2 protein chains.
Amino acid sequence: MDAMAAVPLFKGLSEKQIDDLARAFPRRSYAAGETIFREGEPAEGFYILLSGRLKIYKLSMEGKEQILHIIEAGEPFAEVALFSETTFPAYAEAIRESEVMFFSRKAFQQLVRNDPSIIMNMLAILSQRLKYFTRLVEDLSLKEVPQRLAAYLLFLADREGSRQVSLGISKGQLASLLGTIPETLSRITARMAGGGLIEMQGRRITIIDRDGLEALAEGMRGLQKGGSRFQVPGRRLKTKREA
Amino acid sequence: MDAMAAVPLFKGLSEKQIDDLARAFPRRSYAAGETIFREGEPAEGFYILLSGRLKIYKLSMEGKEQILHIIEAGEPFAEVALFSETTFPAYAEAIRESEVMFFSRKAFQQLVRNDPSIIMNMLAILSQRLKYFTRLVEDLSLKEVPQRLAAYLLFLADREGSRQVSLGISKGQLASLLGTIPETLSRITARMAGGGLIEMQGRRITIIDRDGLEALAEGMRGLQKGGSRFQVPGRRLKTKREA
DNA sequence: CACAGTCTGTAACTAATACCACATTTTAGC
DNA sequence: GCTAAAATGTGGTATTAGTTACAGACTGTG
């Protein structure tokens, strides 16, 4: 299984070891839209996403969702369940056809006994996650939506190494990931397009003015309000920043 | 050293082992207001807070701060630096006279070699942190300030096992921890007091109506707007919830 | 090809809360 | 205990972004 070799958690293991793992643990497929687990359910172990894509999210009382994570192939999820925790702290739902592998608490301990290097890999992954959350909190509380979107687009562009990025998720999902709602997101993408920062083709976005996006992400400038693309250059809006 | 025995990271170690540790690693004291490290500085290792209290926080471009964590005695901090990371992802500043112990990356690896149980403790701590951030993100994006404050007061009350809680930090710091500003916090505490939910004596708060606070934290009810404490009972405000 | 369903975009309105200014209280140092 | 400095409280205003409503675009299906 090629997918197994690309799993960061198994970095450093031999081909044979990975082969053994691939055979030893149960798998399951989920269709797009299917729920893998719900917040509050007893958590018996953790998962690795072998293929597909899924979202980890929270729901408010009113039903509003905040996506915590988009999990891509190769990444583990619900690792928190392995330790201190007995119930899942969030929801997990496939956003496309996905295949996952499950590791019970006991199985993981067995695993670690055989290959101690796995535990260091796990620590590295957890600390990466922590750093990710650190940034998410910063973005949500210290930045406004246009800045968050700009930062996210730049992140995607860097990851794909291209000026043209495909979201991979719907606009509504993107809104949830950025901590906002589709309407607001729509307005902002329209403003960005109007300002000549990006161009949109459905779920595909082309970055036109990378420097402008970066300045926006860093909070060095605002985003034009009107839709017209002919305005006095320089910053506008956000008068607080003038002070 | 008694403080050492209370460090969760060293849970399961013998007295002698802890004694050795207490002697083997460097310490340093910081006065209230002193900075331990800044975001972006190279991170060589992690710390344990032996006594005192400190805040881990982020700063926005405009200088607004968001506190990520209030670290209490016994807790490690900047553990993220041990793995994947080479620079601190946030600031750390003592909010009162504090003493910390430092563990370099190398020292930690040595430590783990001698006492493998430490690595499991570390994993447990990291996953607790992860869960904490999960909630912080949820609160910031899905809840409004009154709900966050109510949840925080209940958290403190549970931790201290008393109806009367002392904040331990200034109101301004609390505002930053809740992702808001002192003025807004002040208004909300006034409304809570007016609504008979709490009573305030400086940095000491007494919970009067625990059920009411819980209902508020869960989003089951809103918070009266006017200062008057005589109003129609039941929920008000937040008409969206009626739908 | 028509239909239903979902996703996306636009507009008007509103609510929460940040911003600014200032009064008041508390704290700390002398 | 007095004074300066910091923290806190309060009023008024401005702004971001959520809410509601609806129209158009896209998708897949019979």
Side-chain angles (χ1 to χ4, degrees), chain A residues 32-33 60-66 95-96 139-149 167-176 178-194 200-205 219 222-228 236-243, chain B residues 31-33 60 62-66 95-96 139-149 167 169-176 178-194 200-205 219 222-227 236-243:
Chain A
S60 75
M61 289 296 298
E62 296 86 28
K64 213 176 110 186
E65 91 174 21
Q66 167 71 45
I95 55 184
R96 59 167 61 175
D139 286 353
L140 288 175
S141 86
L142 260 26
K143 295 183 180 173
E144 285 154 12
V145 185
Q147 302 182 342
R148 284 179 234 159
L149 174 60
L167 294 180
I169 52 179
S170 78
K171 299 266 172 69
Q173 302 284 283
L174 176 59
S176 168
L178 297 177
T180 185
I181 56 174
E183 294 93 321
T184 297
L185 181 65
S186 169
R187 268 176 272 252
I188 290 166
T189 50
R191 278 203 267 158
M192 281 186 176
M200 305 212 29
Q201 310 90 33
R203 287 190 189 178
R204 184 156 282 283
I205 294 179
L223 189 60
Q224 256 68 7
K225 208 153 204 172
S228 159
R236 286 285 317 288
L237 202 56
K238 326 238 92 184
T239 45
K240 60 182 165 183
R241 242 155 243 152
E242 327 265 336
Chain B
S60 76
E62 295 86 27
K64 215 176 108 187
E65 93 174 19
Q66 166 71 45
I95 56 184
R96 60 167 60 173
D139 287 354
L140 287 175
S141 85
L142 261 24
K143 296 183 178 172
E144 286 155 8
V145 184
Q147 302 182 341
R148 286 178 234 161
L149 175 60
L167 294 180
I169 51 179
S170 77
K171 300 266 173 70
Q173 301 283 283
L174 176 58
S176 168
L178 297 176
T180 185
I181 55 174
E183 294 95 313
T184 297
L185 181 65
S186 169
R187 268 175 264 256
I188 289 167
T189 51
R191 278 204 267 158
M192 281 187 176
M200 304 211 30
Q201 310 90 34
R203 287 190 189 179
R204 183 156 284 280
I205 294 180
L223 190 59
Q224 256 66 9
K225 208 152 205 173
R236 287 288 315 289
L237 205 54
K238 321 246 90 178
T239 46
K240 61 183 165 184
R241 241 153 244 155
E242 328 266 336

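Just so you know, these numbers use all the heavy atoms, side chains as well, and skip hydrogens, waters and symmetry mates. Naming: A, B, ... by sequence-line order, numbering from 1 per chain. As the structure is a computational prediction, the values presented were derived from the model and not from experiment.
By the side-chain contact (heavy atoms from CB on, under 4.5 Å) test, A:S186 pairs with no residue at all, sequence neighbours left out. Residues that satisfy the side-chain hydrogen bond (donor to acceptor under 3.5 Å, both in side chains) test with A:R204, not counting sequence neighbours, are A:Q164. Qualifying side-chain hydrogen bond (donor to acceptor under 3.5 Å, both in side chains) partners for B:R96, counting only residues two or more places apart in sequence or in other chains: none. Remark: A:E183 engages A:I181, A:R187 in a side-chain contact (heavy atoms from CB on, under 4.5 Å) (not counting sequence neighbours). A:S60 pairs by the side-chain hydrogen bond (donor to acceptor under 3.5 Å, both in side chains) definition with A:E62, not counting sequence neighbours. Checked against side-chain hydrogen bond (donor to acceptor under 3.5 Å, both in side chains), A:K171 has no partners two or more places apart in sequence or in another chain.
Across the protein-nucleic acid pair, A:I188 atom CD1 and D:dT16 atom C1' stand 9 Å apart, rounded to whole Å.
Counting non-hydrogen atoms under 4.0 angstrom, A:T180 reaches the backbone sugars and phosphates but no base.
Among the nucleotides D:dT10, C:dG9, C:dT17, the one closest to the side chain of A:M200 is C:dG9.
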Find every protein N or O atom lying less than 3.5 Å from an N or O atom of nucleotides 25-27 of chain D, and list the pairs.
none

Are any protein N/O atoms closer than 3.5 Å to N/O atoms in nucleotides 3-8 of chain D? If there are, list each pair with its distance.
residue, atom, partner, partner atom, Å
D:dT8, OP1, B:K171, N, 3.1
D:dT8, OP2, B:K171, N, 3.2
D:dT8, OP2, B:G172, N, 3.1

TODO: Could you encode protein contacts along nucleotides 23-30 of chain C as a string, one character per nucleotide from 5' to 3', using B for base contact, S for sugar-phosphate-only contact and - for no contact, with a heavy-atom cut-off of under 4.0 Å?
DONE: --------

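The overall bend of the helix from C:dC1-D:dG30 to C:dC30-D:dG1, read as the angle between its terminal helix axes built from five base pairs each, is 50° when rounded to 10 degrees.
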